[in-house]
Amino acid sequence: MSTEKQKLCVVGAGFVGLVTASGLAKFGHSVVCVDSDKNKIASLEKSIIPFFEPDLSELVKENLDNGRLSFSDNLKESISDRKAIFIAVGTPSGEDGRANTKFIDAVVEELVETITSDQIIVLKSTVPIGTSKKVNEILKIKFDDSQLPAVVNCPEFLREASAVKDFFYPSRIVIGGNNQDANETIAEIFRLGVDKSVPIAITNNETAELIKYAANAFLATKIGFVNELAGLCDILNINILDVTKYIGMDPRIGKDFLEPGPGWGGSCFKKDLSEFEGLAKSIGYSLLITKSTLEANEKQFDIVFSKVKELVGDLPDKQIAVLGLAFKANTSDIRYSPAIPIIGKLIGAGAMVIGYDPKASENAKMEIPKLQVASSPEEAIQNSDCILILTEWDEFGSLDYELLGKSMKQMNLVDARNLLDPETIKSLGFKYLSMGRK
Ligand code: NAD
């Protein structure tokens, strides 16, 4: 195992940048994390993380305290002497659905003024195929071909809500670039901290770029498939859990990602699948499965909405208590959360929606101004006509539903995460619908 500690820079202090910077510091490297948002940097310098991610706050504090991690809002001043500059800024969807690389371009245009030939640019962001070439074009403004700093793709596979764990115990690390010395330097940076059993794949830039899109498209498709299967099970009166349990035993299928729900969300799947499909279209190829996965996910929001209507009837003047606003449990992130379109449909149909989430209420309120937020599940549920569980927070599985039912106008419950036991909840007097469970 290598013991060489490097001086590194991470640009972007979002979910990926902050985990990468503090994780690399924990490996022993000296890391400066740069963000153009001065307020964010001021908070981070005081160990205040602007979002909730388990264990991240402790990791940042530990490495700030031991001096291996620092923050800055000045990119030019931060990169001198840094062996590698990891770029982890956003790559949001543009109006046409294709990924917009304007934040990457802006960083590279700033870097080009001071970067030297022996420094390495690492693209951690999820970037469209061909981005590394585009970065090289920007670098050519200043450098001859023979002097170009190396550009390496190192896509990130962490999952929000377990991002810190995923950083330290990754399933694999993918490194793509055409300069083998630079590839090896980046591999060594990770070897310093990860277990030697972690596969480190060295490939070229375009392959690394494609691996990330292919991974996300496949995962979203797997969830989309199981969501459709749940709809079929509902009609056929077959319990989906029996089906998924036994198909999941086949190692070619695998048991993970086989839980039906209200549709996938999060910052990545929709934007990455849109880019993936858009890329294919632009070169005259069609990714029919990816296109259907995107469409099926929109349909899933309608299915959840219909389940509420099935129990409650007409929605005007009805009060719906939504438990869970984040796109998944253990995060405050509401980007593309299914709660946003589903609550939009409920409000659009005349319902009053009172939401509760342990960590994401504030973010959801900003996104959906007509949503009322409660400070506890009990407050959200009081006087409601239906409970709708949208996020699989543990605490929603262990509420006192018997007591809560007594505070409701009507005892209806739609469990879009299959968190509760149908027989128990029905025995309390609830009318109950879940996803694909008879
Ligand atoms: P984010 O929006 O949380 O963070 C991006 C940060 O970059 C922001 O803090 C922003 O202020 C900063 N930034 C933008 N322009 C800048 C500039 N010119 N200089 C310095 N800082 C700048 O984004 P994220 O969720 O961390 O995602 C980053 C990238 O990683 C995206 O490409 C995303 O697709 C990819 N990714 C995200 C996840 C995830 O779960 N969030 C997982 C894997 C990959």
Side-chain angles (χ1 to χ4, degrees), residues 9-23 32-44 48-54 56 71-79 85-94 98-113 121-129 131-132 135 138 153-167 170-174 208-209 211-217 219-220 264-276 326-328 330-337 363:
C9 175
V10 175
V11 190
F15 284 85
V16 171
L18 208 46
V19 172
T20 304
S22 50
V32 58
C33 181
V34 180
D35 201 288
S36 49
D37 182 337
K38 289 186 189 325
N39 292 332
K40 195 179 254 188
I41 291 299
S43 302
L44 288 169
I48 300 168
I49 314 288
F51 49 83
F52 174 70
E53 178 63 43
L56 184 58
F71 291 103
S72 170
D73 58 23
N74 190 320
L75 180 60
K76 282 193 201 111
E77 280 176 11
S78 299
I79 67 160
I85 299 128
F86 290 74
I87 303 180
V89 298
T91 45
S93 287
R98 301 295 305 273
N100 187 333
T101 58
K102 65 181 177 186
F103 296 118
I104 302 268
D105 300 347
V107 171
V108 179
E109 277 158 16
E110 207 176 335
L111 280 179
V112 78
E113 296 175 27
I121 293 179
V122 185
L123 295 170
K124 254 263 145 250
S125 302
T126 303
V127 292
I129 287 89
T131 302
S132 51
V135 169
I138 301 175
N153 288 81
C154 181
E156 182 54 64
F157 301 100
L158 61 75
R159 297 160 298 176
E160 283 180 25
S162 57
V164 171
K165 190 169 142 252
D166 290 348
F167 184 86
S171 51
R172 77 294 203 195
I173 293 169
V174 172
E209 288 165 348
I211 287 169
K212 176 65 194 175
Y213 284 100
N216 272 359
L219 290 170
W264 42 255
S267 66
C268 294
F269 280 176
K270 185 165 180 181
K271 88 173 171 65
D272 292 351
L273 268 66
S274 301
E275 164 56 31
F276 194 44
F327 84 94
K328 69 196 287 197
N330 295 312
T331 180
S332 56
D333 199 349
I334 56 140
R335 290 180 287 180
Y336 292 108
S337 171
N363 288 339

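Remember, it's a predicted structure, so these values are computed and weren't measured experimentally. Numbering of ligands and ligand atoms starts at 1, following listing order.
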In terms of side-chain heavy atoms, does [X] have a donor or acceptor partner in [Y] at a distance below 3.5 Å?
| X | Y | result |
| --- | --- | --- |
| S72 | E77 | no |
| S162 | D166 | yes |
| T20 | K124 | no |

For this session: Without swapping roles, check the side chain of S337 against the backbone of D333 for a donor-acceptor pair under 3.5 Å.
Result: no
For this session: Report the C-alpha distance between R335 and K270 in whole Å, list the side-chain angles of each, state the deciding distance to 0.1 Å, and finish with yes or no for side-chain contact (heavy atoms from CB on, under 4.5 Å).
Result: CA-CA 10 Å; R335 290 180 287 180; K270 185 165 180 181; over 6 Å; no
Which residue supplies the protein heavy atom nearest to [atom], what is that atom called, and how far is it?
| atom | result |
| --- | --- |
| atom 16 (C) of ligand 1 | S36 OG, 3.3 Å |
| atom 12 (C) of ligand 1 | D35 OD2, 3.1 Å |
| atom 26 (O) of ligand 1 | V16 N, 2.9 Å |
| atom 32 (O) of ligand 1 | T91 OG1, 2.6 Å |
| atom 5 (C) of ligand 1 | G90 N, 3.8 Å |
| atom 13 (N) of ligand 1 | V89 CG1, 3.6 Å |
| atom 44 (C) of ligand 1 | T126 OG1, 3.5 Å |
| atom 25 (O) of ligand 1 | R335 NH2, 3.0 Å |

For this session: Report the C-alpha distance between L18 and L56 in whole Å, list the side-chain angles of each, state the deciding distance to 0.1 Å, and finish with yes or no for side-chain contact (heavy atoms from CB on, under 4.5 Å).
Result: CA-CA 8 Å; L18 208 46; L56 184 58; 4.1 Å; yes
Which of the numbered atoms in ligand 1 are under 4.0 angstrom from any heavy atom belonging to [X]?
| X | value |
| --- | --- |
| K271 | 33 (C), 34 (O) |
| G14 | 1 (P), 3 (O), 4 (O), 6 (C), 9 (O), 26 (O) |
| F15 | 3 (O), 25 (O), 26 (O), 41 (N) |
| V11 | 19 (N), 20 (C) |
| C268 | 34 (O), 36 (N), 37 (C), 38 (C), 39 (C), 42 (C) |
| V107 | 17 (C), 18 (N), 19 (N) |

A side-chain contact here means heavy atoms from C-beta on lying under 4.5 Å apart; do [X] and [Y] qualify?
| X | Y | answer |
| --- | --- | --- |
| V34 | V10 | no |
| V164 | S22 | no |
| L123 | S132 | yes |

Are any of the N/O atoms on [X], whether in the backbone or the side chain, positioned under 3.5 angstrom from an N/O atom of ligand 1?
| X | answer |
| --- | --- |
| A106 | no |
| E160 | yes |
| K40 | yes |

Please determine whether any non-hydrogen atom of [X] lies less than 4.0 Å from an atom of ligand 1.
| X | result |
| --- | --- |
| L75 | no |
| R159 | no |
| K212 | yes |

Problem set entry | Structural part of S125 in contact with ligand 1, heavy atom criterion under 4.0 angstrom | both
For this session: Could you walk me through whether Y336 and F327 pass the ring-ring contact (aromatic ring centres under 6.0 Å, His included) test, one step at a time?
Result: CA-CA 7 Å; Y336 292 108; F327 84 94; 9.8 Å; no
Exercise. side-chain contact (heavy atoms from CB on, under 4.5 Å) between F276 and K271: does it pass, once the steps are laid out?
Worked result: CA-CA 9 Å; F276 194 44; K271 88 173 171 65; over 6 Å; no
Problem set entry | Stepwise side-chain contact (heavy atoms from CB on, under 4.5 Å) test for D35 and F71 | CA-CA 8 Å; D35 201 288; F71 291 103; over 6 Å; no
Seminar exercise, completed: One should read off an interatomic distance between K212 NZ and I129 CD1, to the nearest 0.5 angstrom, of 12.5 Å
